[in-house]
Every structure is written in structure tokens, then in C-alpha cells.
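Here is the structure we will look at, set down as C-alpha cells.
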There are 2 protein chains.
Amino acid sequence: MNTPLKHSRQRDAIVSFLMGTTEHPTADTIYINIKKTFPNISLGTVYRNLALLAERGEILKLSCDGKADRFDATTDPHYHFICSECGDVIDLEMESIDQINTIANANFSGEITNHVAFFCGKCENCLNNQKKEIN
Amino acid sequence: MNTPLKHSRQRDAIVSFLMGTTEHPTADTIYINIKKTFPNISLGTVYRNLALLAERGEILKLSCDGKADRFDATTDPHYHFICSECGDVIDLEMESIDQINTIANANFSGEITNHVAFFCGKCENCLNNQKKEIN
DNA sequence: TTTGATGCAAATGTTTTGCATGCAA
DNA sequence: TTGCATGCAAAACATTTGCATCAAA
């Protein structure tokens with residue numbers, strides 16, 4: 001369904017770096033890491049490939065507030081938690097909440113086909129640090 | 001609970017402009033409109049006041065993808081629809097979906113306190129235009 | 001009079017883009 | 001050899017910030 005792409009070693013490196021991490025890195029973090037293998041790679045190439053891959057559904061792009069976008073190689077539907085303290089992004093394992101589309105569509109005159117959602121609060125680490133500070 | 005603010009006519013104008021529209025304007029749109037009354041107002045002042053008001057919960061700031069933030073004077077909890085065609089942002093009237101916090105928290109080791117969500121699809125206008133094109 | 005708010009402009013951070021060159025097919 | 005992908009640098013965009021001045025209390 002997608003036009004075949006010309007192979008590129010830089011793009012391969014980006015994909016395999018993303019697959020090897022659960023950290024949801026930003027474009028810049030990816031850039032810095034790929035540089036270890038391709039010292040000449042440019043940030044523009046990283047951005048171009050990330051946009052291309054996201055467009056094709058091979059990776060996910062996570063946008064949140066004004067901060068830099070983050071990327072995720074796990075493309076099967078899942079939700080993210082963003083820690084309000086440290087900013088870490090964590091994959092959530094949870095049952096489907098797709099019914100919210102139906103709920104939202106109930107009194108709406110257009111057509112709702114999907115939603116974007118993420119959850120906020122404190123991650124385990126920050127909760128523990130908080131407890132230490134109190135004691 | 002909030003430290004009292006020194007009164008400012010520019011801030012008043014921003015608030016009343018926001019209260020008089022359902023369009024969810026961007027900072028720049030607000031700036032252009034306030035300029036009709038305060039030709040010397042600066043974009044920095046608009047941004048500063050929008051941030052201040054959002055922080056105090058007097059307005060809502062809507063961030064979505066890489067696009068410019070939009071602002072909403074309606075602060076009671078509600079969700080937004082964003083048209084994938086024309087980009088319009090529309091307030092949704094729908095029943096609460098707060099239970100998704102509980103669902104998300106079920107297998108999570110941190111603490112989820114809230115979520116950010118918006119719905120996507122086609123608005124009524126774009127649906128109608130689509131039909132016209134087909135005929 | 002004091003201090004927060006403003007206007008202006010420069011700086012920031014992120015992302016995109018034009019263009020000549022390089023590499024995959 | 002053809003054309004997409006790259007590297008580089010400049011530009012685009014949204015937003016923030018430093019600073020001198022202004023105006024609200």
C-alpha cells in the first residue's frame with residue numbers, strides 16, 4: 001500500500017535505535033545517538049526520516065504540550081503516561097477505552113473516528129522520592 | 001488562593017475577547033484582534049497574560065500536535081473535537097469519561113490523576129463538502 | 001512610591017526546507 | 001544513469017525573556 005522506499009542506512013539506524021529503547025526519545029536524542037555510528041548524519045535527516053516513518057505508521061509520534069515530540073517504535077495501539085514531575089513517558093498496559101469515541105459522538109453532528117489521549121500524574125520513582133522527602 | 005494580580009486593561013481585553021468567541025483562537029489571532037483596541041500591545045504581553053490566566057485556571061490552553069496552542073475561556077471540564085480537514089476546534093457536549101483514569105491506573109505502578117484527550121474526525125461542514133464533491 | 005505589567009527586540013527551542021552532492025536501485 | 005536520500009545551513013514558527021519604561025495600587 002505504501003510506495004516502496006529507497007533503502008537508507010541512516011533510516012535503518014534510526015529504526016533499530018528506536019526498537020532498542022523504551023524511553024520514547026526526542027528527535028535530538030535520536031540524533032545524538034545515531035551520530036555514534038554515523039558521525040556525519042544531520043538533524044534534518046533524522047527529522048525527515050522520523051516524519052516519513054510516522055506517516056507510514058512504522059513508528060508513533062507523540063506530541064504533548066509545547067515540548068519536543070517523542071517517538072515510539074511500538075505501533076500497536078496503546079496509551080502513554082507522562083510524569084508531571086520528571087517528564088518520563090511510560091507505556092501503559094490497559095484495557096481498551098475505544099468506547100469513548102462512541103460517547104463523544106453521541107451528541108455531535110460531525111463524525112468522530114479517533115482520539116488522542118495521554119495520562120498524567122506521578123510515576124513510581126517520583127512517588128518514592130516524595131515519600132523520602134517527607135520522612 | 002491565587003495571589004491577587006495588579007489590574008491591567010490589556011489582560012481584561014484578552015479575557016473579554018476570549019469570552020466573546022467560541023473559535024478557540026491562537027495567541028496570534030488574539031494579538032491581532034486586541035490590536036484593534038490597543039494598537040501598541042505586544043505579542044509578548046499576549047503570551048504572558050495567556051500563560052498567567054491558564055496557570056490560574058481562568059482559561060484553558062489547548063495544545064495539539066505541533067500546531068500553535070489555542071485558548072478557551074470555557075473552563076468547566078469539557079472535551080474538544082479537532083477536524084482533520086479544516087482544523088477547526090469544537091467544544092463537545094458529552095457525558096463524563098473520567099472512568100478512563102481508573103482503567104489506566106489498574107495495572108500501573110505510579111499514580112494517575114488526570115488525562116488529556118481530544119477527538120478527531122470530520123466536522124459537519126467538511127462532511128457536507130465531501131458529499132457535494134462526490135455528487 | 002513601589003512593584004507588577006508593558007512594549008520592544010533579541011533569543012530560544014523545535015522543526016522544516018532549499019540546494020548541491022551522494023548513494024541505492 | 002536516474003532519482004530519492006543526505007548533509008549542511010538558513011529559514012520558519014511558536015514561544016519566551018531581558019530590560020527599560022509605564023501605570024496600577
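Each chain gets a letter, A, B and so on, in the order its sequence line appears, and its residues count up from 1. These values consider heavy atoms only, across backbone and side chains, with no hydrogens, waters or symmetry-generated copies.
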[atom1] of [X] versus [atom2] of [N]: gap in Å, rounded?
X	N	atom1	atom2	value
A/Leu50	C/dT14	CG	P	14 Å
B/Ile34	C/dG7	CD1	C1'	15 Å
B/Leu53	C/dA5	CG	C1'	13 Å
A/Arg70	C/dG13	CZ	C1'	15 Å
B/Ile41	D/dC22	CD1	C1'	14 Å
A/Tyr31	C/dT15	OH	P	14 Å

State whether the number of non-hydrogen atoms from other residues, nucleotides or ligands found under 6.0 Å of A/Glu93 atom CD is greater than 12.
-> no

Could you say whether A/Leu52 or B/Ala51 is positioned toward the 5' end of DNA chain D, judged by the nucleotide with the nearest heavy atom to each?
-> A/Leu52

Angle by which the axis turns from one end of the helix from C/dT1-D/dA25 to C/dA25-D/dT1 to the other, five pairs per end, to 10 degrees = 30°

Just by protein heavy atoms under 4.0 Å, how would nucleotides 19-25 of chain C read 5' to 3' in B, S and -?
-> -----BS

[X] side-chain N/O to [Y] backbone N/O, donor-acceptor pair under 3.5 Å:
X	Y	answer
A/His7	A/Leu5	no
B/Arg70	B/His24	yes
B/Arg11	B/Asn49	no
A/Ser84	A/Gly121	yes
A/Asp91	A/His80	no
A/Asp88	A/Cys83	no

Identify each donor-acceptor pair in which a side-chain atom of residues 59-68 of chain A lies under 3.5 Å from a protein atom, sequence neighbours left out, and give them as a table.
from: A/Ser63; atom 1: OG; to: A/Asp69; atom 2: OD1; distance (Å): 3.0
from: A/Ser63; atom 1: OG; to: B/Asp65; atom 2: OD1; distance (Å): 3.2
from: A/Asp65; atom 1: OD1; to: B/Ser63; atom 2: OG; distance (Å): 3.1

Are the aromatic rings of A/Tyr79 and A/Phe118 close, with centres under 6.0 Å apart?
-> no

Residues passing the side-chain hydrogen bond (donor to acceptor under 3.5 Å, both in side chains) test with A/Ser42, sequence neighbours excluded, are A/Thr45

At under 4.0 Å, does any side-chain N or O of B/Asn40 touch on OP1 or OP2 of D/dC22?
-> no

Pairwise N/O distances under 3.5 Å, protein to nucleotides 12-15 of chain D:
from: D/dT15; atom 1: OP1; to: B/Asp69; atom 2: N; distance (Å): 3.0
from: D/dT15; atom 1: OP1; to: B/Asp69; atom 2: OD2; distance (Å): 3.1
from: D/dT15; atom 1: OP2; to: B/Tyr47; atom 2: OH; distance (Å): 2.6

Residues in salt bridge (Lys or Arg N to Asp or Glu O under 4.0 Å) with B/Asp72, at least two apart?
-> none

